[in-house]
Amino acid sequence: MRYVACTAVALVLTGCNGGTVDRHALTNDGATIDSIACEGALLAHDASKGASITVFVRVHSDNLRAQASHLADALGHRPTSPGIERKVRSAAEDAKAVADVLSRLHHHPGDREVAARAERALERAGKCRERGP
């Protein structure tokens, strides 16, 4: 029974990050990376202005970092459809870069300059400004 529970938890945590990456999955995973980056940029913006509680910044940035790190790992190792491996591995690198920035924010949640640099880096990574009005 314990094994079944652990397996169920593992499946929930991996979500759609199993199996072969095809173009559709790559598009979805890319959008997820962008979304994580943009959410991180909003968090970093508030932190840079002193508008968020340090504990919230620390915890939330670590949750986002874990999501980005998980995607980086999955995209770095999953088999791919023919012809898209380079794009998939590039997306893995993008996710790792987002995770690295979020890790810095996590380790320095009260440092407004670190937060401002994180905001700029995450906005670029997620192409956050390109979608807005």
Side-chain angles (χ1 to χ4, degrees):
M1 184 63 179
R2 189 180 214 172
Y3 174 77
V4 172
C6 289
T7 301
V9 168
L11 289 173
V12 167
L13 290 176
T14 58
C16 296
N17 288 332
T20 300
V21 181
D22 59 13
R23 290 187 192 284
H24 179 73
L26 178 59
T27 298
N28 288 343
D29 288 345
T32 299
I33 295 165
D34 289 348
S35 178
I36 292 167
C38 292
E39 186 173 345
L42 290 171
L43 178 67
H45 173 79
D46 284 351
S48 75
K49 303 299 183 204
S52 283
I53 299 170
T54 302
V55 173
F56 177 76
V57 175
R58 181 181 299 121
V59 171
H60 195 55
S61 61
D62 195 45
N63 286 336
L64 292 170
R65 180 214 50 83
Q67 291 173 32
S69 181
H70 179 72
L71 269 171
D73 184 54
L75 291 169
H77 299 4
R78 285 167 50 198
T80 67
S81 293
I84 65 167
E85 182 172 4
R86 197 171 86 221
K87 288 181 180 180
V88 171
R89 301 310 177 234
S90 178
E93 291 173 15
D94 293 346
K96 182 180 180 334
V98 167
D100 290 346
V101 173
L102 289 164
S103 180
R104 284 194 299 277
L105 185 59
H106 166 73
H107 285 38
H108 305 281
D111 187 324
R112 290 183 181 193
E113 185 55 38
V114 168
R117 286 192 306 268
E119 177 186 6
R120 289 188 298 271
L122 291 166
E123 280 183 342
R124 281 190 308 274
K127 300 172 262 339
C128 308
R129 297 280 182 194
E130 294 176 13
R131 293 188 211 139

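Between the CG atom in Leu42 and the OG atom in Ser52 there is a gap of 10.0 Å [rounded to 0.5 Å]. Rounded to the nearest 0.5 Å, atoms OG (Ser103) and NE2 (His108) are 8.5 Å apart. Atom OG of Ser35 and atom CG of Asp29 lie 12.0 Å apart (nearest 0.5 Å). Interatomic distance, Leu26 CG to Ile33 CD1, rounded to the nearest 0.5 Å: 8.0 Å. Interatomic distance, Asp46 CG to Ile53 CD1, rounded to the nearest 0.5 Å: 11.5 Å. Atom NE2 of His70 and atom OG1 of Thr32 lie 10.5 Å apart (nearest 0.5 Å).
For the pair Arg112 and Gly50, the tightest heavy-atom approach, listed with the atom from each and the gap, is NH2-CA, 3.4 Å. Contact detail for Ala99 and Ser69: the closest heavy-atom pair is CB-N, 3.8 Å. Of all the heavy atoms in Gly40 and Leu105, the pair that sits closest is O-CD2, 4.5 Å. Minimum interatomic distance between Cys128 and Ala41 (heavy atoms only, all atoms of both residues): SG-CB, 4.5 Å. The two residues Val114 and Asp111 come nearest to each other via the heavy atoms N-OD1, 3.1 Å. Smallest separation of non-hydrogen atoms from Ala47 and Pro109: CB-O, 4.2 Å.
With respect to Asp100 and Arg104, no salt bridge is recorded, no charged nitrogen being found less than 4.0 Å from a carboxylate O. Using a cutoff of 4.0 Å between basic side-chain nitrogens and carboxylate oxygens, Glu85 and Arg89 are scored as salt-bridged.
A donor-acceptor pair is defined here as one N or O able to donate and one able to accept, closer than 3.5 Å; such a pair exists between the side chain of Ser48 and the backbone of His45.
Ser81 is listed as a side-chain neighbour of Thr20, based on a closest heavy-atom distance under 4.5 Å. Under the 4.5 Å side-chain criterion, counting only non-hydrogen atoms from C-beta, Leu71 is in contact with Ile36. Arg78 places none of its side-chain heavy atoms less than 4.5 Å from the side chain of Val88. At least one side-chain heavy atom of Val57 sits less than 4.5 Å from a side-chain heavy atom of Leu43. Annotation: side chain of His106 is not in contact with side chain of Arg65 (no heavy-atom distance under 4.5 Å). Annotation: side chain of Leu122 is in contact with side chain of Leu102 (closest heavy-atom distance under 4.5 Å).
A donor-acceptor contact closer than 3.5 angstrom links the side chains of His60 and Glu39.
Here the rule is salt bridge (Lys or Arg N to Asp or Glu O under 4.0 Å) with Asp34, and of Arg124, Lys127, Arg129 only Lys127 fits it.
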